[in-house]
Amino acid sequence: MCKVRQLLIFLSCLFTLTNSTNVSSCISNTPCKCLLTEDSFTLLNCSYSLPDLPLFNSNTSLNITKIIARHALIRWPLHLCGYSNIEILDLSGSYLDAQYMDLSCVSQLLFLNLSNTQIRKIPNFRRYGLKNLQTLDLSNNQIEILDGSLLRSLNNLVTLNVENNPLKYIDYFDYILGLSSLESINLMSSSSTLTTKKQLSAIQWANLAHKWNSSNKYISIRTNTFSLQSIFPNPDQFQMIPLDLMKIIFQTLSNSTFTTLFSTPSCNCVHLRNYQRVFSFTYYNKNLSPLYQTTTCILPNGIIHALFKVHVQF
Ligand SMILES: *[C@@H]1O[C@H](CO)[C@@H](O)[C@H](O)[C@H]1NC(C)=O
Ligand SMILES: *[C@@H]1O[C@H](CO)[C@@H](O)[C@H](O)[C@H]1NC(C)=O
Ligand SMILES: *[C@@H]1O[C@H](CO)[C@@H](O)[C@H](O)[C@H]1NC(C)=O
Ligand SMILES: *[C@@H]1O[C@H](CO)[C@@H](O)[C@H](O)[C@H]1NC(C)=O
Ligand SMILES: *[C@@H]1O[C@H](CO)[C@@H](O)[C@H](O)[C@H]1NC(C)=O
Ligand SMILES: *[C@@H]1O[C@H](CO)[C@@H](O)[C@H](O)[C@H]1NC(C)=O
Ligand SMILES: *[C@@H]1O[C@H](CO)[C@@H](O)[C@H](O)[C@H]1NC(C)=O
């Protein structure tokens with residue numbers, strides 16, 4: 001602990017004294033190389049040797065809008081608050097497995113990369129605001145619960161990457177789908193045990209469709225762990241969603257990829273007809289969207305049906 005504190009004090013002094021734009025071998029007793037420009041700094045080759053970010057004099061710090069510190073830190077940087085104007089923050093590969101994680105003083109962030117940082121929880125964005133955040137990369141971590149209520153305030157979020165996390169379940173998925181700028185969600189996983197996937201109700205889908213209609217948007221969901229059917233209402237409730245809204249939903253999700261229903265619950269003929277009915281008004285072209293390619297199911301007679309193709313045969 002004493003050693004860590006000494007190093008922190010040293011870091012502060014060093015950058016107060018330094019006034020040049022490019023610095024190399026910047027932090028003694030570490031392998032770090034620093035690249036400093038007027039508005040950014042990058043830490044290279046630190047190999048997990050830093051307990052915190054270095055500090056500059058406050059005038060310099062306030063000019064910094066971009067910090068790249070990959071594989072550099074051994075915990076969440078407390079000095080982050082010295083950089084209240086940063087827009088781009090890349091801490092990927094650093095070791096941040098801490099309960100304490102604070103983004104409240106970097107409210108200008110547009111881009112946040114926390115990929116491969118050992119985190120187990122989604123940061124509480126509800127508390128931090130971060131109204132400008134457009135890109136959030138949480139891939140390659142240990143996150144088990146994707147809680148949409150924590151992301152609800154991110155109205156400018158365009159890209160959400162949660163690839164390669166051992167996700168167990170998703171809460172408040174409708175909040176995520178309802179984010180007004182969202183264009184893509186990556187939920188691909190090589191080790192996911194995601195089993196429970198709560199369906200959204202017919203009313204929730206109808207509300208989303210209303211939102212999507214006014215923005216004319218596409219949302220691309222990529223997952224290899226759940227089917228569209230598992231988040232969609234049961235087909236016997238389809239009549240609760242007006243056809244116009246159903247059309248908007250499939251249009252918006254047309255670039256998405258879900259898993260096929262190869263195992264239980266297998267689809268039945270009645271359900272299949274309901275799906276065919278709602279799919280029928282959209283795509284007659286040969287370029288089937290990923291959504292239709294993956295929305296297949298297996299009937300009790302063992303025959304696999306691609307919903308779209310079955311419709312075309314009628
Ligand atoms: C600082 O780095 C930039 C880009 O790497 C380079 O173009 C510039 O010449 C360097 N300046 C000094 C003073 O070394
Ligand atoms: C960082 O380390 C790599 C591999 O050891 C080396 O090739 C590279 O030149 C180093 N970068 C700097 C800025 O020293
Ligand atoms: C910071 O800037 C202000 C005004 O621009 C100046 O008065 C002050 O001396 C500067 N501080 C440092 C540490 O450079
Ligand atoms: C901060 O940026 C302003 C405007 O680009 C510049 O005039 C000033 O010298 C910079 N301050 C420092 C300490 O780099
Ligand atoms: C985040 O960092 C990782 C590893 O450094 C990189 O592969 C990935 O492309 C970055 N994410 C974004 C959105 O740039
Ligand atoms: C979608 O929006 C258009 C105009 O923006 C409106 O005419 C139409 O009724 C809306 N559709 C639904 C299903 O709300
Ligand atoms: C569909 O997804 C692909 C790759 O995932 C992307 O290149 C393309 O722009 C997307 N199309 C739309 C309409 O979003």
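Whatever order the structure lists them in is the order used to number ligands and atoms, beginning at 1. Any value given below was found using the heavy atoms of this structure, including those in side chains, with hydrogens, waters and symmetry copies removed. These numbers were taken from a predicted model, which means no experiment stands behind them.
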**Prompt:** Angle class for the Trp212/Trp205 ring planes (parallel below 30°, perpendicular above 60°, tilted otherwise)?
**Reply:** perpendicular

**Request:** Would you check the N or O atoms of Ser115, main chain and side chain alike, for any that come under 3.5 Å of an N or O of ligand 5?
**Result:** no

**Prompt:** Which of the atoms in ligand 2, numbered in the order shown and given with their element, are less than 4.0 Å from a heavy-atom of Leu44?
**Reply:** 13 (C)

**Asked** Mind checking whether Asp137 has a heavy atom under 4.0 Å from ligand 5?
**Response** yes

**Prompt:** Any protein heavy atom lying closer than 4.0 Å to atom 2 (O) of ligand 4?
**Reply:** yes

**Request:** May I ask you to check whether Phe232 and Phe258 place their ring centers less than 6.0 Å from one another?
**Result:** no

**Prompt:** Can you check whether Asn63 has an N/O within less than 3.5 Å of an N/O in ligand 4?
**Reply:** yes

**Complete:** Looking only at protein heavy atoms, what sits closest to atom 11 (N) of ligand 2 is Asn45 ND2, 3.0 Å

**Message:** How long is the straight-line distance from CG of Leu44 back to CZ of Arg70, given to the nearest 0.5 Å?
**Reply:** 10.0 Å

**Request:** Under 4.0 Å from a heavy atom of Arg70: give me the atoms of ligand 5 that qualify, with their elements.
**Result:** 2 (O), 5 (O)

**Request:** State, yes or no, whether a side-chain contact exists between Leu167 and Ile143 at a heavy-atom distance under 4.5 Å.
**Result:** yes

**Request:** Identify, by atom number and element, the atoms of ligand 5 in contact range of Asn113, meaning under 4.0 Å from any of its heavy atoms.
**Result:** 1 (C), 2 (O), 3 (C), 8 (C), 10 (C), 11 (N), 12 (C)

**Fill in**
Quick note on ligand 4: atoms under 4.0 Å from a heavy atom of Thr60 include exactly 13 (C)

**Request:** Establish whether atom 5 (O) of ligand 2 and some protein heavy atom are separated by less than 4.0 angstrom.
**Result:** no

**Prompt:** Side-chain contact, heavy-atom cut-off 4.5 Å: Leu43 with Ile68?
**Reply:** no

**Message:** Strictly less than 4.0 Å: does any protein heavy-atom distance to atom 9 (O) of ligand 5 fall in that range?
**Reply:** no

**Prompt:** Taking N or O atoms only and a 3.5 Å limit, does Ser92 qualify as a polar contact for ligand 5?
**Reply:** yes

**Request:** Using a distance threshold of 4.0 Å (strictly less than), state whether atom 14 (O) of ligand 5 has a protein heavy-atom neighbour.
**Result:** yes

**Request:** Measure the shortest side-chain to side-chain distance between Tyr218 and Glu183 over non-hydrogen atoms and say whether it is less than 4.5 angstrom.
**Result:** no

**For the student: nearest non-hydrogen atoms of Gly82 and Leu62, plus distance** = O-CD2, 4.5 Å

**Request:** Look at the rings of Phe125 and Tyr128 and say which category their plane angle falls in: under 30° parallel, 30 to 60° tilted, over 60° perpendicular.
**Result:** perpendicular

